[in-house]
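Only this structure's heavy atoms are used, side chains among them; waters, hydrogens and symmetry mates stay out.
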Amino acid sequence: ETSTQIYKMMESSVAIVKNCPSNGWLEIQNIVGVGDTAVEGISAVFVQLKEILGKIDADLQSLARINLYVGDMADYVEINTEYVKNFGLNPPVRVCVAIGK
């Protein structure tokens with residue numbers, strides 16, 4: 001049986017956590033990065049993600065896949081720098097999709 005928890009993260013951001021103990025998988029959706037720059041936005045995402053993971057007794061190394069939606073692929077280098085800084089040498093699989101420019 002899957003359980004769903006909702007966490008109010010920021011004024012306009014609600015993260016959804018779906019936990020399916022029968023198969024051991026967990027899904028976290030809808031973490032929105034807010035900031036004046038791409039670095040501020042992705043940094044805000046990592047703060048929220050770590051907060052949620054802490055509430056469910058997990059950490060970044062628990063993650064297997066990340067779907068990352070970016071507004072402008074010109075910001076990818078800055079976003080990737082923060083991604084690597086937070087995940088280190090063996091990050092989870094990532095799908096990066098441009099939804100803007």
Side-chain angles (χ1 to χ4, degrees):
E1 182 175 313
T2 301
S3 67
T4 301
Q5 298 167 312
I6 299 178
Y7 296 98
K8 177 82 169 157
M9 299 309 297
M10 296 172 31
E11 197 171 304
S12 61
S13 178
V14 177
I16 302 165
V17 178
K18 295 182 181 180
N19 189 2
C20 188
S22 64
N23 66 17
W25 288 101
L26 172 74
E27 182 175 336
I28 302 172
Q29 303 173 357
N30 204 42
I31 299 178
V32 178
V34 177
D36 292 330
T37 67
V39 171
E40 287 177 6
I42 193 68
S43 295
V45 165
F46 276 108
V47 166
Q48 294 173 77
L49 182 57
K50 289 174 185 175
E51 182 180 329
I52 291 169
L53 291 168
K55 290 179 181 182
I56 57 176
D57 199 29
D59 59 23
L60 291 175
Q61 286 67 44
S62 304
L63 303 176
R65 182 188 73 210
I66 302 286
N67 291 331
L68 179 63
Y69 301 95
V70 298
D72 189 339
M73 285 304 284
D75 295 327
Y76 180 80
V77 171
E78 292 177 318
I79 291 169
N80 191 58
T81 299
E82 292 300 309
Y83 189 87
V84 171
K85 184 180 0 175
N86 281 275
F87 282 115
L89 184 59
N90 292 309
V93 170
R94 172 181 45 188
V95 175
C96 186
V97 179
I99 57 171
K101 297 179 186 173

Considering all heavy atoms of both residues, which atom of [X] and which atom of [Y] are nearest to each other, and what is their separation?
X: Ile31; Y: Ile52; result: CD1-CD1, 3.9 Å
X: Ala44; Y: Val34; result: CB-O, 3.7 Å
X: Lys50; Y: Asn86; result: NZ-OD1, 2.8 Å

Would you check if Asn67 and Val97 make a side-chain contact, meaning some heavy-atom pair closer than 4.5 Å?
-> no
CG on Asn80 to SG on Cys96, rounded to 0.5 Å | 8.5 Å
In this structure, CG of Leu63 is separated from CZ of Arg94 (nearest 0.5 Å) by 13.0 Å
Should Leu49 and Val84 be regarded as members of a common hydrophobic cluster, given that ILVMFWY residues are connected when their side-chain heavy atoms come within less than 4.5 Å of each other, either directly or indirectly?
-> no
Is Val39 reachable from Ile79 through a run of hydrophobic residues whose side-chain heavy atoms are each under 4.5 Å from the next?
-> no
Do any N or O atoms from the side chain of Glu82 and from the backbone of Glu78 form a donor-acceptor pair under 3.5 angstrom?
-> no
Is the distance between the ring centroids of Tyr83 and Tyr76 less than 6.0 Å?
-> no
Given Ile42 and Thr81, is the side chain to side chain contact (heavy atoms under 4.5 Å, CB included) satisfied, shown in steps?
-> CA-CA 10 Å; Ile42 193 68; Thr81 299; over 6 Å; no
Taking only residues at least two apart or on different chains, which pairs with a member in residues 32-41 satisfy side chain to side chain donor-acceptor pair (under 3.5 Å)?
-> none
Residue Lys85 excluded, over 12 heavy atoms near NZ under 6.0 Å = no
